[in-house]
Each structure stands twice: as structure tokens, then as C-alpha cells.
Amino acid sequence: MHDRKRLGRGRPDLDIAPAAVHDAPIGDITGALGSISMHDREPRRTWRHRLVTLAAVAGPGLIVMVGDNDAGGVATYTQAGQNYGYSLLWVLFLLVPVLVVAQEMVVRLGAVTGVGQARLIRERFGRRWGWCSVADLLVVNFLTIVTELIGVRLGTSYFGIRPSYSVPVAAAALMLLTATGSFRRWERVMFVCLAVSFAFVPLLFMTHPHHVHAIVHGALVPGVQGGVTDDAVLVIVAMVGTTVAPWQLFFQQSNIVDKRISPRWIRYERIDTVAGAVLSSVAAGAYVVFAFAALGGSSYAGRFTDSGAFQDALRRTVGTWAGGLASIILINAAIIGACAVTLSSSYALGDTFGIKHSLHRRPVDPKVFAGYAIPIVLAAVVVLIPGVPLGTITQYVQILGGLLLPSALLFLLLLCNDREVLGPWCNARWQNALTTGIVGALCVTSLVLVVRTLVVTTAVAQLVGAMFGAYALVLVVAGAVTMSRRRRRVAAGGHADVLHGIRYLDRATWRMAPLDQLAPRVMTRSHTIGLCAVRGYLLVAVGLVTLKVTTSIID
């Protein structure tokens, strides 16, 4: 089934998947920092040559990770620091491997298949699941764009610019940048934003963080300053939702396809992704640290409302320059986040409607253009509504991303175990175990919110302990059952690894065949029940959290 004759190549002279020939523009890798010819077969023997190659390939990983620290992310991290000090830094520390594992799977899918994730889900799981995944993405992306424009409004207001000017200008610039028609130009703009994001460094020095041992303790020892409360759980879920958001999975895979990165360059893209994850986590930690260092001992401690109030508090406690730097960080985060989120919607719509969309081309199909232009316009209208609770909306969107993340990760996990899609590039057993554990932990965290919404009298700390204790027991039992099945399979003459039959294939030459030539995916009853159960539960969780947030706004 996986012989090379059947798989073939899209072009014998090019290192691309057959499925990518008609779905992506063929050509050189043209990155912000360099180019690689599509006919390049030269080995990289020197460090200089390797660094030049890395510079050309780098982009999708760095951009998706820095875009992860968008306006909503900046608000969430500064809220964590202002309200809970250094005590939630451990959440960021634990999320680093989650971020790397999830995005590494996306790297393999994009480079090996040459197809975007939305189309893979539709073709391998059916149109119904394809529409469900894209609908989730588009809803969360629309709300995320709202938070980005909120960031623009609050950031520019610090400099005296009226929202009626700044928000429409930002919305128009966002549409124009997505329709630039040049991948290199778009990526260079993103790299400029990436450079500006380092403004957190001087802000750290200006706020004079103290008690290094307290910072280390907060990063390594789980705990919550003031105890585990409903608000603390909401902030933790928001931190998860803004650190590993569903749009990141769709964006990086399609962006890798759009940049024409093939399996030959996967090792460089992995470096790009890990570097981005480290930079993103360091920046997020810095936001938490300087927020508490500046406001921890003041009357503003524990009173976060939104990023605008935070900037004003910095101005009053540290100085005008500190507030200005925080505003620049917020505006810059909003720009890079909005660009990446809008592009992920554009890619997903192209995959869904079978329309070619690429940064190498100007959008000519009205469906794709309207698909990302209309949400931007609507988002701008929402942000300009007088009296809209900007801080509450921002936090809700991050919580929503955290709630819907398990569903996105579940599809990603199934795709990365589809031998027709990835062949010898399929997940190793440790990757499956880790990802499954992550999905379960995210579901348990959201379940805490659901139970607290239904049973208000439940003590939060005891509830968290009981649920995660039960989850640990489930993991132990599931591990024992898996090991027992594996031993029985080996005893019957089978192999411990169910994918051992494709592991021997040469990764250097294996590519996914055109989608219409793949053997149909067999959806087992357990897979179907699992997907339906997770989706049903998450819809209930989203509904209850929405009710909780709406009630808090009304009150």
C-alpha cells in the first residue's frame, strides 16, 4: 500500500509531495532572510551553509509563536502578574513542551503532505467533521480579531489617538497586508514586528524585578497566590488558550505549505519552531514578571481590568516611558496576532472551498476575500461600540480558545497516526501518549469550570485536587491496559508497534500521494464515539462558561 511506485512524485525534479502540485504554487523558498532554489540538492556541510539555510527556512515557527503572544496574550499574562504575582509562572513552564509537541506535529503534516489541515480533516474524516473544525476555527478567529483590535484601541489611546481613527486604519491595513501578493513582503513585516516585541527587555529593567528566588519558585512549584478560586481557574484556562490556540495549528501547517518547505528542510523548521516556543515563553514570563514587579506593592495589585488601565497604572507607578513601552508592546502584539489569525482563516477557507489561496498570489476569489474581510469589519464595529467591556471580552476569548483546544489536538493526533497521510513520519508511541495526556488534562481543567458553574457551593481547591487525582488514576489504568494489550499482541506473533510496517520506509523519499488516491480512512467505533463525546462535552462547556461570563457582565 505504501510502495513508492504508487506514491510517486508530484514532479520528478522537485522535492514536493504529489498532493501539493495542484494545491500550492511551485517555486523557490523565498523567506524574509533568504532564498533556497527548488532544485537545490546540495548537502549542508559547513556551519555557515547551515545557518544560511536556517535563515531562509525560518519564519513559520517564529511567527506563529510570537503571534501567540498577541494582544489577548499580553492582557492575560499581565493580568496573571498583577493579580497573582509570580505564582502562575509554572503554567507557562508546563506549556512549553505542550507547545513544542503540538507544533512539531503540524510541521511534519505540512512538509510531508503539502496540504493544509482543514482540507486534510475534510478529506480523511468527512465533510461533516471538516465543517465542524473550520466553524470552530472561524468563530474563535473572529473573536480573536476582536481582541486584537481591542489591543489597538487601548494601545493607541495611551498616545491620545482616538479609536474612531486607529481601529478603522488598523482594520484596513490588516486586509491589505493579507492581500499583499508577496510571501517575502508579508514575512518581512512579521519579522519587523518580531524585533519590536523585544521591547519587553527594557521594560523589565525599568520595573526592577526583585526576589529572583521567588520567580524561580513560581516557575517550578505549582500554586496560586491567594488560593485556588474561580477567577484563578479562569485565568489559568485563559493562559492555556492564549499559549496554545487552535488557530496556531492551522496557520503553521498551511504557512509551511505556502512557503514550500519540504521534508528535506524539516530539521531546520523544527529549530525554527523550538526557537519560537522558547522566545514566546520567555516573553510571556517577562510580562508576568514586570507586571508584578511594577504593581505588586501598589494599590493596583489584584485589580486588573484591561490593558488600558494597566498601561495607566504603569505610567503612575514607574513612569511615562514605561506606560509608552507597554502600549507599543500591546499594539505590536495586536498587529502580528491579527495578521497570523486572519491568514489562518484565509487558508482554512481556501481548503474548505477548494480554492487556491497563497501569499504568493493576490486573492481573486470573492469567497476567500469576503471570508476574512467581513469578520475584520465586524470586529472593528464591535470594538467601537461605546461601553463594551473590553477586558472581559479579551479574557473570554482566551478561555474559549482553551476550551476548544482539545478538539483541535484530537484531530491533529489522529492525522499524525494516519499511515496513508504520514507513512514513516507517523507519531512515535511517546508522542501519542504525551498528546493524549495533554488532551485529557485540558478536558479536566475545563470540567472544573463546568462543575463550578453548575454547583456553585463546591470548594474549588478540593474540586481541582479530586478531579486531577481521578485523572491520574485513569491514566494509570489506561497505561496498564495498553501494556497488557501490547504483550498479548507480541505473544500472538505480532509486533509491539502497530505501525512497525511503515517505520522502515525511507523518510527522505516518502511523500503523501494525491488525496484522491489514498485508501479511505476507516473510522472505528471508538474513534467516532470519542470525537462525538469530546465535541459534545466541549459545546456544553463553552455554553456554560459563556453564561457565566455574560452573567458577570450583567451583574
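Atom set for the values below is all heavy atoms of this structure, side chains included, hydrogens, waters and symmetry mates excluded.
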Asks: Can you measure from CD (Gln248) to CG (Asp68) and round to the nearest 0.5 angstrom?
Replies: 4.0 Å

Asks: Just wondering, do Val235 and Val224 contact through their side chains at under 4.5 Å, heavy atoms?
Replies: no

Asks: Go through Thr352 and Arg119 one step at a time and tell me if the side chain to side chain contact (heavy atoms under 4.5 Å, CB included) criterion holds.
Replies: CA-CA 6 Å; Thr352 301; Arg119 187 175 177 194; over 6 Å; no

Asks: Would you check if the side chain of Thr53 reaches a backbone N or O of His49 as a donor-acceptor pair within less than 3.5 Å?
Replies: yes

Asks: On the 0 to 90° scale, with breaks at 30° and 60°, tag the Tyr287-Tyr77 ring pair as parallel, tilted or perpendicular.
Replies: parallel

Asks: Are the side chains of Val100 and Thr273 in touch, meaning some heavy atoms are under 4.5 Å apart?
Replies: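 They are not in side-chain contact.
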
Asks: Taking the side chain as every heavy atom from C-beta outward, state whether Arg511 and Pro263 have any atom pair closer than 4.5 Å.
Replies: yes

Asks: Where the side chain of Thr482 meets the backbone of Ala478, is there a donor-acceptor pair that is under 3.5 Å apart?
Replies: yes

Asks: Once you measure the plane-to-plane angle for Trp247 and Phe251, does it fall in the parallel (<30°), tilted (30-60°) or perpendicular (>60°) bin?
Replies: perpendicular

Asks: Looking at Ser344 and Val341, would you say the former's side chain and the latter's main chain have a donor-acceptor pair under 3.5 Å?
Replies: yes

Asks: Assess the residue pair Leu349 and Leu138 against the criterion (side chain to side chain contact (heavy atoms under 4.5 Å, CB included)); give the C-alpha distance rounded to whole Å, side-chain angles, the decisive distance to 0.1 Å, and a yes or no.
Replies: CA-CA 9 Å; Leu349 287 169; Leu138 294 180; 3.9 Å; yes

Asks: Is a donor on one side and an acceptor on the other found under 3.5 Å between the side chain of Tyr471 and the backbone of Gly437?
Replies: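 Answer holds: yes.
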
Asks: If you look at every heavy atom in Thr243 and Leu99, which pair is closest and at what distance?
Replies: O-CD1, 3.2 Å

Asks: Rounded to the nearest 0.5 Å, how far apart are CD1 of Ile266 and CG of Asp272?
Replies: 12.5 Å

Asks: Using every non-hydrogen atom in the two residues, find where Leu405 and Ala245 come nearest and quote the distance to one decimal.
Replies: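 The answer is CD1-C, 4.4 Å.
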
Asks: Out of Ile121, Leu404, Leu120, which residue meets the side-chain contact (heavy atoms from CB on, under 4.5 Å) rule with Ser133?
Replies: Ile121

Asks: Write down the atom of Arg124, the atom of Ala519, and the distance for their closest heavy-atom approach.
Replies: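 Closest pair (atom of Arg124, atom of Ala519, distance): NH1-O, 2.9 Å.
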
Asks: With side-chain hydrogen bond (donor to acceptor under 3.5 Å, both in side chains) as the test, pick out the partner of Glu269 among Arg108, Gln252, Lys259, Gln103.
Replies: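 It is Gln252; the other options fail the test.
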
Asks: Short question: side chain of Thr147, backbone of Thr144 - any donor-acceptor pair under 3.5 Å?
Replies: yes

Asks: One pair to check against side chain to side chain contact (heavy atoms under 4.5 Å, CB included): Val98 and Thr435. What are the steps and the verdict?
Replies: CA-CA 8 Å; Val98 177; Thr435 308; over 6 Å; no

Asks: Before accepting this row, confirm whether a basic side-chain N of the pair Arg270/Glu104 lies closer than 4.0 Å to the acidic partner's carboxylate O.
Replies: yes

Asks: Is Tyr347 close to Asp258 at the side-chain level, that is, under 4.5 Å between some pair of heavy atoms?
Replies: yes

Asks: Go through the steps for Phe183 and Asn255 under the test side chain to side chain contact (heavy atoms under 4.5 Å, CB included), then give the verdict.
Replies: CA-CA 10 Å; Phe183 190 101; Asn255 200 238; 3.7 Å; yes

Asks: Which atom pair, heavy atoms only, marks the closest approach of Leu92 to Ala284?
Replies: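 Result for this residue pair: CD1-C, 3.7 Å.
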
Asks: Is any side-chain heavy atom of Val115 closer than 4.5 Å to a side-chain heavy atom of Val257?
Replies: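 No, side chains not in contact.
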
Asks: Could you tell me whether the side chains of Thr46 and Arg50 share a donor-acceptor contact shorter than 3.5 Å?
Replies: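 Note: Thr46 and Arg50 side chains miss the donor-acceptor criterion.
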
Asks: Just checking Arg535: does its CZ atom have more than 12 heavy atoms from other residues, nucleotides or ligands closer to it than 6.0 angstrom?
Replies: yes

Asks: Using 4.0 Å as the upper bound for N to carboxylate O, is an ion pair formed by Arg122 and Asp351?
Replies: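 Answer for the salt bridge query: no.
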
Asks: Using a 4.5 Å cut-off on heavy atoms from C-beta on, say whether the side chain of Leu422 contacts that of Met512.
Replies: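 Not in contact.
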
Asks: Trp425 side chain to Val112 main-chain N or O, any donor-acceptor pair under 3.5 Å?
Replies: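 Checked: no pair found.
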
Asks: Determine whether Leu89 and His217 make a side-chain contact, defined as any pair of heavy atoms from C-beta on separated by less than 4.5 Å.
Replies: no

Asks: Can you check whether Leu414 reaches Leu531 side chain to side chain, under 4.5 Å on heavy atoms?
Replies: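 Yes, their side chains come closer than 4.5 Å.
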
Asks: Stepwise, does the ring-ring contact (aromatic ring centres under 6.0 Å, His included) test hold for Phe125 with Phe411?
Replies: CA-CA 9 Å; Phe125 297 95; Phe411 279 115; 5.2 Å; yes

Asks: Looking at CG of Leu88 and OG1 of Thr76, how far apart are the two atoms once the value is rounded to the nearest 0.5 Å?
Replies: 11.5 Å

Asks: Answer yes or no: is there a donor N or O on one side and an acceptor on the other, between the side chain of Arg260 and the main chain of Met38, under 3.5 Å?
Replies: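 Not a single qualifying donor-acceptor pair exists.
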
Asks: Closest approach of Val134 and Ala118, non-hydrogen atoms and distance?
Replies: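 Looking at all heavy atoms of both residues, the closest pair is CG2-CB, 3.9 Å.
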
Asks: When rounded to the nearest 0.5 angstrom, what is the spacing between CZ in Arg264 and CD1 in Ile36?
Replies: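 Atom-to-atom, Arg264:CZ and Ile36:CD1 are 8.5 Å apart.
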
Asks: Calculate, to the nearest 0.5 Å, the distance between atoms OG1 and OH belonging to Thr229 and Tyr84 respectively.
Replies: 4.0 Å

Asks: Taking atom types as modelled, find out whether Ser87 and Gln225 have a side-chain donor-acceptor pair closer than 3.5 angstrom.
Replies: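 No, because no side-chain N or O of Ser87 sits under 3.5 Å from a partner of the opposite role on Gln225.
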
Asks: Kindly give the heavy-atom pair with the smallest separation between Pro406 and Cys443, and that separation in Å.
Replies: CB-SG, 3.8 Å

Asks: Would you find more than 12 non-hydrogen atoms of other residues, nucleotides or ligands less than 6.0 Å from Phe93 atom CZ?
Replies: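 Counting other residues, nucleotides and ligands, CZ of Phe93 stays at 12 neighbours or fewer.
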
Asks: For atom CZ of Arg127, is the number of surrounding heavy atoms from other residues, nucleotides or ligands below 6.0 Å larger than 12?
Replies: no

Asks: Quick one: pull up OG in Ser407 and CH2 in Trp129 and give me the separation to the nearest 0.5 Å.
Replies: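 The CH2 atom of Trp129 is 7.0 Å from OG of Ser407, to the nearest 0.5 Å.
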
Asks: Within 45° of the axis and under 6.0 Å from the centre of the six-membered ring of Trp510, does NZ or CZ of Arg507 qualify?
Replies: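 The answer is no, since Arg507 fails at least one limit relative to Trp510.
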
